[in-house]
Amino acid sequence: MVSTNKRIKACWPQCAVMAAGLFLAGCGGGGTDDDVNNAIDVINQLADDTLITIPGVVVNTETAEEETPVTNAGLSGRVVDAVSGLPLAGVTVTLFKPDAEPVITNTDVNGIYNLSASAGAQYSASFTIDGYLEEQYSSIDLVAEIDDNLGTVRLVSNENSGAGELTGTISNAVDGFGVAGLTLRFRPGINATTGEALATATTDTNGVYTVTNLTYGNWTCEIVGVGFDTTFTNVIVLGNITQVNQNSAVSPNLGTGEIRIVLTWGSTPSDLDSHLTGPQENSNDPFHVYFSTRSSELASLDVDDVSSFGPETITIERQINGVYRYSVFNFSDNNAFELSDSGASVQVFDDNGLIRDYRVPDGVGNLWTVFEMEGGNITTVNTISELTSPTQYFPVTAKQVVSADYTMPQFK
């Protein structure tokens, strides 16, 4: 038996000649004009991808497997000097993982980079430039057709080389008081959530910790304790210097159905505000929880911090049908890049622990729209813009019911 491929178009006219010969051979080797015409009809049917039966010929109905299209994702961010905050131009940014070709780009005069790579999980990025310690950002997940932003990466100059010291307070995200007996584990790099810890510390009765002899550069601090969800924060070490106010917060374990959103940031600006909007059970109007209206039917602002660092915390008792939106507003609003440079972090917890970890992206503006949530599904927004209308706090589905004269207090 002879086997031929269903999709014979690809080899026309050579395949036509071969198939005609096979057809005539199956008829005993001779051939009349009618036989030739029949053979041509057969070839035309094959060319049209029509399955037929030819005497003495086995047709393979399997088609070539189509290649899975490559779907790309975007990644951007900004790189600055850790001490001065000035942008670093010419930093080589390399995005890589074991099963993919590395993608390499460089920062522009504003320290900004943009690149595109195949969507996938567990990428890492390295940041290198002469005169600075090379840094690595771990566990980067690229989502298809989504432009993600790693925020601001701060490189430490070799002028600040050597070992340094950190001290700070770890507070309860719900009441703002220091938590005793927490264990802190330090790993080199940004977002280094796994691997061997090279140093540890424990909080005292006031929630204060001190760790010494850390090599200069970026470190990831893992914070664990009984009754609290494990959390991670990024800290920077400068050689021969004690970095104070390296603060963070931990969330007490949640009950079934509860959601908690914890905002922390650096020393500047002094006042970032959490805003949560969403549906209400007993009203067609959406709720808006923030410093002026600290509670609704099912959500409350637990802590409102006005003196740097945070935490600023919102807890949702349970979700109902509808879309929620969480945003951060720079109430201090001293300059266009202040929010982007704040080092702000938003962590989302449920009864299973940490489920989302956002770092403020780079950009100009005073409003960070972080995410939307519906039915337990979280959709990342992660953009910075300028607040021009209070309706920007609400999801699109709720804007239509927000009255045109809706206003918010401008002072605390």
Side-chain angles (χ1 to χ4, degrees), residues 73-78 112 114 141-143 145-152 259-266 269 271-279 285-293 296 299 301 304-305 310-316 319 322-349 355-402 406-410:
L75 188 68
S76 60
R78 189 159 63 108
I112 295 172
N114 293 275
D141 295 341
L142 300 184
V143 180
E145 300 179 354
I146 297 294
D147 292 329
D148 197 6
N149 191 299
L150 291 184
T152 301
I259 298 287
R260 180 167 292 132
I261 307 164
V262 181
L263 166 68
T264 56
W265 67 98
D271 191 2
L272 294 184
D273 285 323
S274 292
H275 290 257
L276 180 71
T277 61
D285 294 328
F287 74 79
H288 186 177
V289 166
Y290 65 115
F291 66 84
S292 180
T293 306
S296 70
L301 177 66
D304 175 33
D305 184 88
E312 184 135 334
T313 306
I314 291 178
T315 300
I316 303 171
Q319 294 182 66
V323 182
Y324 298 75
R325 173 177 283 194
Y326 177 79
S327 310
V328 175
F329 177 67
N330 179 13
F331 194 88
S332 302
D333 200 15
N334 295 314
N335 66 70
F337 282 99
E338 190 174 54
L339 176 56
S340 178
D341 289 338
S342 66
S345 169
V346 169
Q347 296 184 317
V348 187
F349 301 86
I355 56 174
R356 289 290 190 280
D357 189 356
Y358 296 102
R359 289 176 173 82
V360 63
D362 71 282
V364 175
N366 55 15
L367 179 67
W368 175 21
T369 305
V370 187
F371 66 86
E372 291 187 349
M373 179 171 59
E374 182 177 17
N377 297 315
I378 295 178
T379 301
T380 297
V381 181
N382 204 33
T383 58
I384 287 184
S385 61
E386 192 68 27
L387 180 67
T388 58
S389 167
T391 60
Q392 289 170 251
Y393 290 115
F394 296 85
V396 173
T397 53
K399 290 182 189 298
Q400 59 190 359
V401 296
V402 177
Y406 179 89
T407 59
M408 298 185 304
Q410 296 302 306

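In this structure, CG on L272 lies 11.0 Å from CG on D304, to the nearest 0.5 angstrom. Once rounded to the nearest 0.5 Å, the distance linking CG of L263 with OH of Y326 reads 4.5 Å. Going from atom OG1 of T277 over to atom CD of E372 covers 8.0 Å, rounded to the nearest 0.5 Å. Taken from CD1 in I316 to CD1 in I261, the straight-line distance is 4.5 Å, to the nearest 0.5 Å. Interatomic distance, CZ of F349 versus CD1 of I259, reported as 11.0 Å (0.5 Å rounding). Taking CD of E338 as the reference point, atom CH2 of W265 lies at 11.5 Å (rounded to 0.5 Å).
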Mind running side-chain contact (heavy atoms from CB on, under 4.5 Å) on Q392 and S327 for me, showing each step along the way?
CA-CA 9 Å; Q392 289 170 251; S327 310; over 6 Å; no
Show your reasoning for whether ring-ring contact (aromatic ring centres under 6.0 Å, His included) applies to F331 and F291.
CA-CA 11 Å; F331 194 88; F291 66 84; 5.6 Å; yes
Working note: E312 + L301, criterion side-chain contact (heavy atoms from CB on, under 4.5 Å); need CA distance, chi angles, decisive distance, verdict.
CA-CA 8 Å; E312 184 135 334; L301 177 66; 4.0 Å; yes
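The side chain to side chain contact (heavy atoms under 4.5 Å, CB included) with F329 is formed by just one residue from the set N366, D271, T369; it is N366. Of the candidates D362, T383, N114, D362 is the only one forming a side-chain hydrogen bond (donor to acceptor under 3.5 Å, both in side chains) with N149.
The two atoms that bring P279 and F287 nearest to each other are O-CD2, 3.3 Å, heavy atoms only. In terms of heavy atoms, P361 sits closest to I384 at O-CD1, 3.2 Å. Here the closest non-hydrogen pair linking Y324 and G278 is CD2-CA, 3.9 Å.
Between H275 and Y290, the ring-plane angle classifies as parallel under the 30° and 60° cut-offs.
S389 contributes a side-chain N or O that, together with a main-chain N or O of T391, makes up a donor-acceptor pair within less than 3.5 Å.
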